[in-house]
Each structure stands twice: as structure tokens, then as C-alpha cells.
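So the structure is just underneath, and the comments pick up after that.
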Amino acid sequence: MSASGRKLVYLVLGVAGGVVPWIFAVQAFAAGHGLLEFIILAISNPAAAAVAADITISTFVAVFFGWKEARRLEMKKAWICLPLLCIALATSLAVFLWMRENRLAELGEA
């Protein structure tokens, strides 16, 4: 797949990663659940807790990788991905990978 194809995939997945989880989150909040109750619901059974733990650990992995890779490639605006974690890990990671593809292209490594 070409670099432009990869960038398109990252952007589409980033949008999906921001929209799909929030469809469920909005439903929970509309049902009257507050943030604390939302977190409790997210770990309310072993299956949900497994997914929540995986996403939590994956977030730390993504931040660590992103920080190291952004420094290695001298990606000046990679910090933008940190607040995107408030939307979703999938959005933040997809935007980071899109930015990384742009930087690799600038460096002639794409």
C-alpha cells in the first residue's frame, strides 16, 4: 500500500475510532450515568474489565512509543495527539500514525 493509501486508512480509522466509542458513551450519559458510574460500568464484569485493562495498557504503550518515535523523527507537533486521547485512543493513535507518515515522506523514507 502506498503512503497516501496508508494515510487515508489512518484518517478513516481515526474518525471511526472517535465516533463509534462515543456513540456508546453518549448513550450511557444520556441514561443518567455520571463519569464515575461510567467507569464502574466499564469494569462491571470480567469481559468489560478485560477490554478496559487492554485499552488502558495500550494507551500507555502508544504514549511511550509516540514520544520516542516523535523525538526520533523530530515531529514538532506530535503533542497534538495527547489531548486527542480524551476523544479515544484509536483517534489519537491514528492521527499520530498519519503525522508519522507525513514526516517519513518529508524525510524521504516513505
Do F96 and E69 touch side chain to side chain, with heavy atoms closer than 4.5 Å?
yes
So, taking the atom named [atom1] in [X] and the one named [atom2] in [Y], what distance separates them when rounded to the nearest 0.5 Å?
{"X": "E109", "Y": "L73", "atom1": "CD", "atom2": "CG", "value": "6.5 Å"}
{"X": "E74", "Y": "L107", "atom1": "CD", "atom2": "CG", "value": "8.0 Å"}
{"X": "F65", "Y": "S58", "atom1": "CZ", "atom2": "OG", "value": "13.5 Å"}
{"X": "T56", "Y": "I43", "atom1": "OG1", "atom2": "CD1", "value": "9.5 Å"}
{"X": "K76", "Y": "M99", "atom1": "NZ", "atom2": "CE", "value": "12.0 Å"}

Keeping S92 on the side-chain end and L82 on the backbone end, is there a donor-acceptor pair under 3.5 Å?
no
Using only atom types and a distance under 3.5 Å, with no angle test, would you say the side chain of T91 pairs donor to acceptor with the backbone of G14?
yes
So if you build clusters from Ile, Leu, Val, Met, Phe, Trp, Tyr with side-chain heavy-atom gaps below 4.5 Å, do [X] and [Y] land together?
{"X": "W98", "Y": "I80", "result": "yes"}
{"X": "V95", "Y": "W79", "result": "yes"}
{"X": "V9", "Y": "L93", "result": "no"}

Checking S4 now: which residues fulfil side-chain contact (heavy atoms from CB on, under 4.5 Å) with it, not counting sequence neighbours?
S2
Looking at E101 and R6, is any side-chain nitrogen of the basic one under 4.0 Å from a carboxylate oxygen of the acidic one?
yes
Could you report the tightest heavy-atom contact between R100 and M75, atom names first, then the distance?
N-CE, 3.6 Å
Closest heavy-atom contact between L89 and I55?
CD2-O, 4.0 Å
Which donor-acceptor pairs under 3.5 Å do the side chains of residues 16-42 make with protein atoms, sequence neighbours left out?
{"unit_1": "W22", "atom_1": "NE1", "unit_2": "I87", "atom_2": "O", "d": "2.6"}
{"unit_1": "H33", "atom_1": "ND1", "unit_2": "E37", "atom_2": "OE1", "d": "3.2"}
{"unit_1": "H33", "atom_1": "ND1", "unit_2": "E37", "atom_2": "OE2", "d": "3.1"}

Walk me through it: do L85 and V63 pass the test side-chain contact (heavy atoms from CB on, under 4.5 Å)?
CA-CA 9 Å; L85 287 169; V63 168; 3.7 Å; yes
